[in-house]
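Letters A, B, ... mirror the listed sequences (proteins, then strands); counts begin at 1.
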2 protein chains.
Amino acid sequence: MSLDGQLPPKMRLLRAAAELLANSAGAAVSTRQITQLAGVTAPTLYHHFGDKEGLFDAVVAAGFEEYVAGERDFAPSGHPLEDIRRMWDNHVLFGLKQPELYLVMFGNIRPESRPAIVADAEALMEEMLTKAAAAGQLNVQPREAARSILAANVGVTLMLIAEPAAERNLELSTMTRDAMIFAVSTEQAAGTSPENSGRSSVVVAAIALNAALQASHSDQLSSSELKLFLEWLHRISTSASS
Amino acid sequence: MSLDGQLPPKMRLLRAAAELLANSAGAAVSTRQITQLAGVTAPTLYHHFGDKEGLFDAVVAAGFEEYVAGERDFAPSGHPLEDIRRMWDNHVLFGLKQPELYLVMFGNIRPESRPAIVADAEALMEEMLTKAAAAGQLNVQPREAARSILAANVGVTLMLIAEPAAERNLELSTMTRDAMIFAVSTEQAAGTSPENSGRSSVVVAAIALNAALQASHSDQLSSSELKLFLEWLHRISTSASS
DNA sequence: CTATCACCTATAGCATTGCTATATGAACTG
DNA sequence: CAGTTCATATAGCAATGCTATAGGTGATAG
């Protein structure tokens, strides 16, 4: 029954906590259960983790690494938006596979205190979206898009977890996913030109902006500013050869 | 200190619980605090509500009626999709106004046990969406659309609640809202605008270039030039669309 | 007016919770 | 060997949710 291999007590505590958390079917997990399963007494727990929450944070950190590993395991497909879709799906699957852990990570919301985990997940998403932006596939700032998509992603996952497993319909996920991605992407407009493939994304973006600026009349810059701006733009777009 | 008007103890318990819940900056609320504030002893609570959770459910039920009242207060505008937007905004505002209550209602997710409240909110949303469907403005089944929109709505609200109040940016909400509504509606077929949903291609290109420049290290501009350049770029890419 | 009976509330206390003051052992360092 | 530090154990505290039991109150029946 007890987890006493020859592992150090710290590890045994982590494993015991993770196991109890995973099988707790929603019920609360007490420190006494954990210490008993780990074959250890209370002060050991508090010596190593300071707090019950400290122990849980450690478990969450391990879970988060697993999560991130899953998110990064996909080689970039060259289609950033496609990668985002897989990221979304991976997020949902992680939540459904380890609902208890997921709830500790993303469901433990408290006002004014954002879990660090959320910020990390957001950064991960933003990183991916920045690639999409660099490819001219994004309609809004990567940060805003990341926050928006992640919010919807978490909302959907929580909703699915709350449902009886039998009724879980992943279509809710894919539908919401595509809605969000579609909304932040430029897919809807004319497809990106095929010749963009070889060049550096900086150059492509600069060319696009140059053309767009010439065509429209932006009033965000004064004429003198605009002149200098265009000059720099030209320098950038003609620099990196081919 | 105590809430002993001449109200019956049941009411006093409800009010005490609601008040403590609203002001408990995230901390747990104990039955002893509640009974003391209500000027009542423990057995009274358990006689009337059976459980601590029973009492909380009763508080939530009251909160939900307030929520529903808010949702229904809008006279149908004749534009169902516009009503959905107001419904969304009202949902978010309710959550931000009473975060603790909202968290008890929507944040207390447990696997396999969906709070009745969620089903009710879903029904409310579906009801509204059915009108949109009747007007030929819906792309998918009202039920699916309602689930999807509500999931995103809850996700956004939780995200906003978790943020420090000072940093809360409601644009996250409106952006996600419009994305979801756009996705389930037939608006897109009717071609809202020739450009990217109102966003000029200048802005899109500027966002792309901004992201590309951050990623790569272009040496075509001096650092001081680059700084000014990025500032202008930011001004362009965050300019009000249209 | 008394008696009964259902309902509501209080006294007191149980078991469990998270956590800790204190002490003991082990292991390395001088 | 003495001393210091880290790691674990014994025992127990205050707070928690909850309850067994009993007392009080009102209405209704005789």
Return the set of residues passing side chain to side chain contact (heavy atoms under 4.5 Å, CB included) with [X] (not counting sequence neighbours), or none when no residue passes.
X: A/Asp51; result: A/Glu53
X: A/Asp178; result: A/Arg85
X: B/Ala132; result: B/Pro80, B/Leu81, B/Gln137, B/Leu138

OP1 or OP2 of [N] sitting under 4.0 Å from any side-chain N/O of [X]?
X: B/Tyr46; N: D/dC18; value: yes
X: A/Thr31; N: C/dT17; value: no
X: B/Thr41; N: C/dT9; value: no
X: A/Ser30; N: C/dT17; value: yes

Atom-to-atom span, [atom1] of [X] to [atom2] of [N] - whole angstrom:
X: A/Leu45; N: D/dC6; atom1: CG; atom2: C1'; result: 17 Å
X: A/Gln33; N: C/dG18; atom1: CD; atom2: C1'; result: 13 Å
X: B/Gln36; N: C/dA10; atom1: CD; atom2: C1'; result: 16 Å
X: B/Lys10; N: C/dC8; atom1: NZ; atom2: P; result: 9 Å
X: A/Leu20; N: C/dG18; atom1: CG; atom2: P; result: 12 Å

### Query
Considering only heavy atoms, which members of residues 47-62 of chain B lie under 4.0 Å from some atom of DNA chain D?
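Heavy-atom contacts with DNA chain D come from B/Asp51, B/Lys52.
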
### Message
On DNA chain C, compare the nucleotides closest to B/Ala42 and A/Ala42; which residue's is nearer the 5' end?
### Response
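Checking each residue's closest nucleotide, the 5'-ward one belongs to B/Ala42.
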
### Task
May I have all residue pairs that pass ring-ring contact (aromatic ring centres under 6.0 Å, His included) and include part of residues 100-132 of chain A, sequence neighbours excluded?
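Residue pairs with at least one partner in residues 100-132 of chain A: A/His91-A/Tyr102, A/His91-A/Phe106, A/Tyr102-A/Phe106.
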
### Message
If you only use heavy atoms from C-beta on, which nucleotide in D/dG17, C/dT17, C/dA10 is closest to the side chain of B/Arg32?
### Response
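Nearest to the side chain of B/Arg32 among the choices is D/dG17.
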
### Message
Under the rule for side chain to side chain donor-acceptor pair (under 3.5 Å), what residues qualify as partners of A/Asn169, not counting sequence neighbours?
### Response
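Expected list: none.
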
#### Entry: Any side-chain heavy-atom pair of A/Leu55 and A/Leu14 under 4.5 Å
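Touching, per the 4.5 Å side-chain cut-off.
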
